[in-house]
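Comments concern the structure below.
Letters A, B, ... mirror the listed sequences (proteins, then strands); counts begin at 1. In this text the structure is predicted, and so the values were computed from the model without any measurement.
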2 protein chains.
Amino acid sequence: MKKKEILKKSLLFNGLPDEQLDALCSISVSKKYQRGQAVFHDGEPGNGFYMVASGKVKIFKLSTDGKEQILHIFGVGEPFGEVPVFHGTPFPASASTLAASELFFFPRLEFINLLKANPSLALSMLAVLSMRLRRFTTQVENLTLKEVPGRLASYLLYLIEEQNREEEVVLDVPKGQLASLLGTTPETLSRIFAKMSEEGLIKVAGKTIRLLDLERLRER
Amino acid sequence: MKKKEILKKSLLFNGLPDEQLDALCSISVSKKYQRGQAVFHDGEPGNGFYMVASGKVKIFKLSTDGKEQILHIFGVGEPFGEVPVFHGTPFPASASTLAASELFFFPRLEFINLLKANPSLALSMLAVLSMRLRRFTTQVENLTLKEVPGRLASYLLYLIEEQNREEEVVLDVPKGQLASLLGTTPETLSRIFAKMSEEGLIKVAGKTIRLLDLERLRER
DNA sequence: TTTATTTTTTGACCTAGATCAATTGAAGAA
DNA sequence: TTCTTCAATTGATCTAGGTCAAAAAATAAA
């Protein structure tokens, strides 16, 4: 697909006038990444942000003893890595691809110039960051106020929404990564999948999960 | 202190030209709150954001069974409650005062008009939201990759930085609230204070805490 | 000061879930 | 197909920290 098409479809740039899209096209650079490749590292300075053109990217924190917490997984059309652009500080987390991916890179200065000239672009960016804040809010809520089964339940319900499905979702990450996203271990997650299956809440078949009882999932 | 002075000192509005400060003054409204009063509730629609003029405000989530997780505590000059302004969705969390407070309220439409006319204001707001994202990042990191003693240690180190002290900090919240901020219970927090004292890491005297061994605190 | 109310601390106990270790299963390479 | 390798499951055990209950401090009110 053409670059302009992708930008146009993204939540961030959707609705912008044609000439602004062209400007965005011309300042951004496409980069290709293999599966599992690092995009940037926690603590590195950043001089621009990225948008997923194809593939999937995880943003994560590593503890000193090597444990990983995934903060978010970004798919096509989603921008990431903006913090250094607007706040000037280094990347607060690391990013690497979960699949072979193409990313668009928007250099800081050029983008800020566009922003200055186009208030509506600034407002879109504010909207994107606000949505991000909201997500963090619910992530903290899930991590601290719910136990693991509840977190899994909300993730499955989130997927069903995101994938516009009625009762079946397809995991977008290997189960090990899902554990890291939910703040638990693969072992625990596996047990919980088993228990929820026994209880008739879900039916697991590889990466496909059928949600049998939305009602009870919701009250987790 | 005069309103304009407070706005001028805030990180968000600091550095703006005089006439913009005047405009901000004229669109914002001052509201007074008693200690413990609710400012807004999780899920409510919002038609503007706030800035602390005096006092202190906590942003928090409540679980269905009444447990509280504090997301952040805002002091003088800090804006909060912006998500609905830029993303249009309801407040993602609740806010109430931790002390008698005065808040400035900035109505959505008027503020957005100012933004549109002043790119630098938009950039400041982007910087503020980016900083907020960074904070959430470290909060998730602390909650999931560190255990409670480690979280307390980073909070104390954060305070010593914030308060520009060498070795003594003053807790800005009652201990019960601190527990909720660190994602634990008052009982556990109390035990950890005791243990860290025994170990010679800190010396607790009411709300004043002397950090005896920054080195070892850091490696928690 | 004395009393009442809230906050903090301490003790005893319990559970969610992490860790360690071993097995099974699945997916890609030869 | 058969190896090889990595991911997922299952079992057994351990522990951080939550819960419940009571005592002790600290604050506020009278």
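- Whole-Å rounding puts the B:Leu143 CG to D:dG18 P distance at 11 Å.
- Considering only side-chain N and O atoms, B:Lys175 lies nowhere under 4.0 angstrom from the phosphate OP1 or OP2 of D:dA26.
- Between D:dT10, C:dA16, D:dG18, one nucleotide has an atom nearer to the side chain of A:Glu147 than all others, and that is C:dA16.
- For the pair B:Lys207 NZ and C:dT7 P, the computed distance is 11 Å after rounding to whole Å.
- When the C1' atom of C:dT9 is taken as reference, atom CD1 of B:Ile192 falls 14 Å away, rounded to whole Å.
- Atom CG in B:Leu145 sits about 16 Å away from atom C1' in D:dA16, given to the nearest Å.
- A close approach under 4.0 Å does not occur between any side-chain nitrogen or oxygen of B:Thr188 and OP1 or OP2 of D:dA16.
- Judged by distance alone with a 3.5 Å cut-off, a donor-acceptor contact links the side chain of B:Arg191 to the base of C:dG11.
- Nearest heavy-atom pair, B:Val76 versus B:Ala53, reported as atom, atom and distance to 0.1 Å: CG1-O, 3.6 Å.
- Put simply, A:Thr185 has a side-chain N or O that comes within less than 4.0 Å of OP1 or OP2 on C:dA18.
- In this structure, A:Phe13 has its ring center under 6.0 Å from that of A:Phe106.
- Taking only side-chain atoms of B:Glu187, from C-beta outward, the nucleotide of D:dG18, C:dG17, C:dT9 with the closest atom is C:dT9.
- The side chain of B:Lys67 approaches D:dT19 more closely than any other nucleotide in the set D:dT10, C:dT9, D:dT19.
- In this structure, A:Lys3 is positioned above the aromatic face of A:Phe104, its NZ or CZ under 6.0 Å from the six-membered ring centre and within 45° of the axis.
- Rounded to a whole Å, the CZ atom of A:Phe193 is 19 Å from the P atom of C:dG25.
- Separating the CD atom of A:Glu68 from the P atom of C:dA18 is a distance of 15 Å, rounded to the nearest angstrom.
- The nearest whole Å value for the distance from the CG atom in B:Asp65 to the C1' atom in D:dT19 is 12 Å.
- Ion pairing between B:Glu78 and B:Arg135 holds under the 4.0 Å rule for side-chain N and carboxylate O.
- A:Phe111 and A:Phe49 have perpendicular rings, their planes meeting at more than 60° on a 0 to 90° scale where under 30° would count as parallel.
- For the pair A:Leu152 CG and C:dA16 P, the interatomic distance rounds to 16 Å; values are reported in whole Å.
- Nearest nucleotide to the B:Val148 side chain, out of C:dG17, D:dG17, D:dT9: D:dG17.
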